[in-house]
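Please read these numbers as outputs of a predicted model, since none were measured by experiment. We name chains A, B, ... by the order of the sequence lines, and we start the count at 1 in each one.
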Amino acid sequence: MSLKLYNSLNRKKEDFVPLNPSHVKMYACGPTVYNYAHIGNARMAVVFDVWARMLRYHYPKVTYASNITDVEDKIIVAAKEQGITISEVTKKYTKIYNDDMASLGVQLPDVQPKATEHIQEMIDQISALIERGHAYEAEGHVLFHVPSDPTYGALSGRTRDEQVAGARVEVAPYKRDPADFVLWKPSNEDQLGWDSPWGNGRPGWHIECSAMAEKHLGLPFDIHGGGADLKFPHHENEIAQSCCAHGNADDVTSFSKYWVHNGFVTVEGEKMSKSLGNFLLVHDLIKDHKGEVLRLALLSAHYRQPLDWSEQVLHQMQILLDKAYQKLLELVDVDVIDVDFVVPVLNALNDDLNTPLVIAELNKILKEQDGAELKSSLLKIGDVVGIFQEDPHDWFGDEMDGVSDEDVSKIEALLAERIEAKDNKDYTRADEIRDELLEMGIEIKDTREGTNWQKVS
RNA sequence: GGCGCGGUGGCAGAGUGGUCAUGCAGGGGACUGCAACUCCCCGUACAGCGGUUCGAUUCCGCUCCGUGCCUCCA
């Protein structure tokens, strides 16, 4: 079965047919770096990381580009608030973002372009738009003239008129048309600015991605992705800019052939927002949960569906991963053999990245397979989904944390005493010892191989 | 107001025109001195109303409910 994906451009699930099967190219809009990454940022990163891994499974060469937006007014605000420079803000949060994503098993994109390093490309593209009559200068701003683009609205399915009718922002007086959007805007001294044919200024947000995608992937490329909220206006504007800059206003696929959007994460059923103060940061969650647990939780709903974050989901993923790692631990000395990719899992992944189904199939595999076959299948799936990347010993290693050597000897002494008590059928004493251990925060389990113990929280 | 998305068993969450999702939680059982772990078994789920059909949770229409975007929020 071939790879299928849901193309936002025509709202249909389609067979993925690469422009060039020997080199597939994908771009996904990355974060604006002015704060810690939240779980919503993480969902985007994880989803497109899996897409990239899946594409690599199918095709010999994949270039995945995902940008860092390091020019934006919010960054300027953050710098002022924190009393540090703009570049200190962007540098700091870029590192935090990459570290946090790495903790979720997200591989660094092949290219991670930064907006500030592509100002010239943006200026060039804006110039081309002006030359072709799609943009104009007004009071130090350069604006894209929406009525000049006959196909504007193709992605979001809203016409210019509808957009104007629904607009809730005041229209700047210098705009020729209410729908026109900014390509370049003037900067004052304390704002970041670059020289341009239109004076000292900075780029609008949309032009950044257009310029960076073209520079690193060339046009057209295969897949463009991002969060669902970016569909309008960001992605709509990207299409307008990139197509019109090259005289391809009529062909919306002259920029990217497929468009993929991931759904939002809600918390307790509500959207994360500053006013509700319910932003969940990866930085915080990673303190209490393993990265792969968070990652799998982010993949527990289909990527296009909304995902409600809850402790229950985390609990379930923890159990599943523990179960799998337990098997991997038992099989640690077994050699990996060459196995076929488990068919139902491959089909699920091929079907527009149906990761919830993959999770269900994992449960079945854990029940139905064993030995080298199980280990090999698990690892093969893990490479695409981005799980089972840890050493099984390390996975369970944390459970020994905070238990000193002294405690260990004490525990073992008590266990030895308990075995003796059991042998003497002195179950009262045996149970006393169990309770004593429990008070120390140690839980024991009698198995056929003997008694195990572990720290409980 | 405009443009979308969704309503599946206690919960999470896939899927299908007519035999199974899966997991968590819950109930029962096996095992065990008892617990726990493990294993086995169980529960008349598809918002409502019409329509198409031999047959619809699955297709179409309407209603109700929830939710996202339209504000340089992933």
Among all residues two or more places apart in sequence or in another chain, which pass the side-chain hydrogen bond (donor to acceptor under 3.5 Å, both in side chains) test with [X]?
| X | result |
| --- | --- |
| A:Gln125 | A:Glu214 |
| A:Tyr258 | none |
| A:Asn262 | none |
| A:Lys95 | A:Asp99 |

What's the closest nucleotide to the side chain of [X] if the choices are [options]?
| X | options | result |
| --- | --- | --- |
| A:Asn262 | B:A25, B:A74, B:C72 | B:A74 |
| A:Val182 | B:C72, B:G23, B:U22 | B:C72 |
| A:Met44 | B:A74, B:C24, B:C70 | B:A74 |
| A:Arg11 | B:C72, B:A25, B:C5 | B:C5 |

Applying ring pair (Phe, Tyr, Trp, His ring centres under 6.0 Å), can you list everything that pairs with [X], at least two apart in sequence or on another chain?
| X | result |
| --- | --- |
| A:His302 | none |
| A:Phe341 | A:Tyr57 |
| A:Trp184 | A:Trp198 |
| A:Tyr64 | none |

In whole Å, I'd like the distance from the [atom1] atom of [X] to the [atom2] atom of [N].
| X | N | atom1 | atom2 | result |
| --- | --- | --- | --- | --- |
| A:Glu368 | B:C20 | CD | C1' | 11 Å |
| A:Ile319 | B:C37 | CD1 | P | 10 Å |
| A:Tyr93 | B:C73 | OH | P | 17 Å |
| A:Asp49 | B:A74 | CG | C1' | 15 Å |
| A:His206 | B:C73 | NE2 | C1' | 13 Å |
| A:Asp352 | B:G15 | CG | C1' | 14 Å |
| A:Gln191 | B:C72 | CD | C1' | 14 Å |
| A:Leu437 | B:A36 | CG | C1' | 14 Å |

With [atom1] as the reference atom in both, quote the distance from [N] to [M] in angstrom, rounded to an integer.
| N | M | atom1 | result |
| --- | --- | --- | --- |
| B:C64 | B:G48 | P | 16 Å |
| B:G27 | B:C60 | C1' | 41 Å |
| B:U8 | B:A47 | P | 7 Å |
| B:U57 | B:A21 | C1' | 14 Å |
| B:U32 | B:U16 | C1' | 43 Å |
| B:A14 | B:C59 | P | 16 Å |
| B:C42 | B:A74 | C1' | 42 Å |
| B:A25 | B:G66 | P | 32 Å |

For A:Cys29 against A:Met44, the heavy-atom pair lying closest together: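 Here A:Cys29 and A:Met44 meet closest at O-CE, 3.3 Å.
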
Dot-bracket assigned to RNA chain B with the 3.5 Å Watson-Crick/G-U criterion, [ ] for crossing and | for other-strand pairs, is (((((((..(((.....[...))).(((((.......)))))....(((((..]....))))))))))))....

Does A:Lys74 have a side-chain nitrogen or oxygen under 4.0 Å from the phosphate oxygens OP1 or OP2 of B:C72?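 No.
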
Would you tell me if any nitrogen or oxygen in the side chain of A:Asn363 comes within less than 4.0 Å of OP1 or OP2 on B:U22?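 It does not, given that no N or O in the side chain of A:Asn363 lies less than 4.0 Å from OP1 or OP2 of B:U22.
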
Lys/Arg-Asp/Glu bridge criterion (N-O < 4.0 Å) met for A:Glu139, A:Lys185: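 Salt bridge flag = no for A:Lys185 with A:Glu139.
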
If you measure from the Lys or Arg side-chain nitrogens to the Asp or Glu carboxylate oxygens, is any gap between A:Glu292 and A:Arg295 under 4.0 Å?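 Salt bridge: no.
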
How is A:Gly227 classified with respect to the nucleic acid when contacts are heavy atoms under 4.0 Å: base, sugar-phosphate, or nothing?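 Contact class for A:Gly227: sugar-phosphate only.
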
Hey, does A:Val47 reach any base, or is it just sugar-phosphate, or nothing, if we go heavy atoms under 4.0 Å?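 Since no nucleic acid heavy atom lies under 4.0 Å of A:Val47, the category is nothing.
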
Side-chain donor-acceptor pair under 3.5 Å between A:His261 and A:His224, yes or no?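 Distance-only check fails for A:His261 and A:His224.
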
First encountered from the 5' end of RNA chain B, between A:Arg43 and A:Arg304: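 This one resolves to A:Arg304.
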
Select from A:Tyr6 and A:Asp73 the residue whose nearest nucleotide in RNA chain B is closer to the 5' end of that strand.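 With A:Tyr6 and A:Asp73 compared, the 5'-side residue is A:Tyr6.
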
Return the residues of residues 421-434 of chain A meeting this criterion: a heavy atom under 4.0 Å from some atom of RNA chain B. Order them by number, or give none.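 Listed by number, they are A:Lys422, A:Tyr427, A:Asp431, A:Arg434.
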
Please check if the distance between the ring centroids of A:His234 and A:His206 is under 6.0 Å.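 Yes: the rings meet the under 6.0 Å criterion.
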
What residues form a side chain to side chain contact (heavy atoms under 4.5 Å, CB included) with A:Ala138, not counting sequence neighbours?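 Testing A:Ala138 for side chain to side chain contact (heavy atoms under 4.5 Å, CB included), a comparison that skips the adjacent residues, returns A:Tyr136, A:Leu143, A:Tyr174.
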
Can you find a donor-acceptor N/O pair under 3.5 angstrom joining the side chain of A:Lys185 to the base of B:C72?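 Indeed, a donor on one side and an acceptor on the other fall under 3.5 Å apart.
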
Check nucleotides 8-14 of chain B for protein N or O atoms closer than 3.5 Å to its own N or O atoms and list the pairs.
unit_1, atom_1, unit_2, atom_2, d
B:C11, O2', A:Gln312, OE1, 3.2
B:A14, OP1, A:His302, N, 2.7
B:A14, O3', A:Asn354, ND2, 3.0

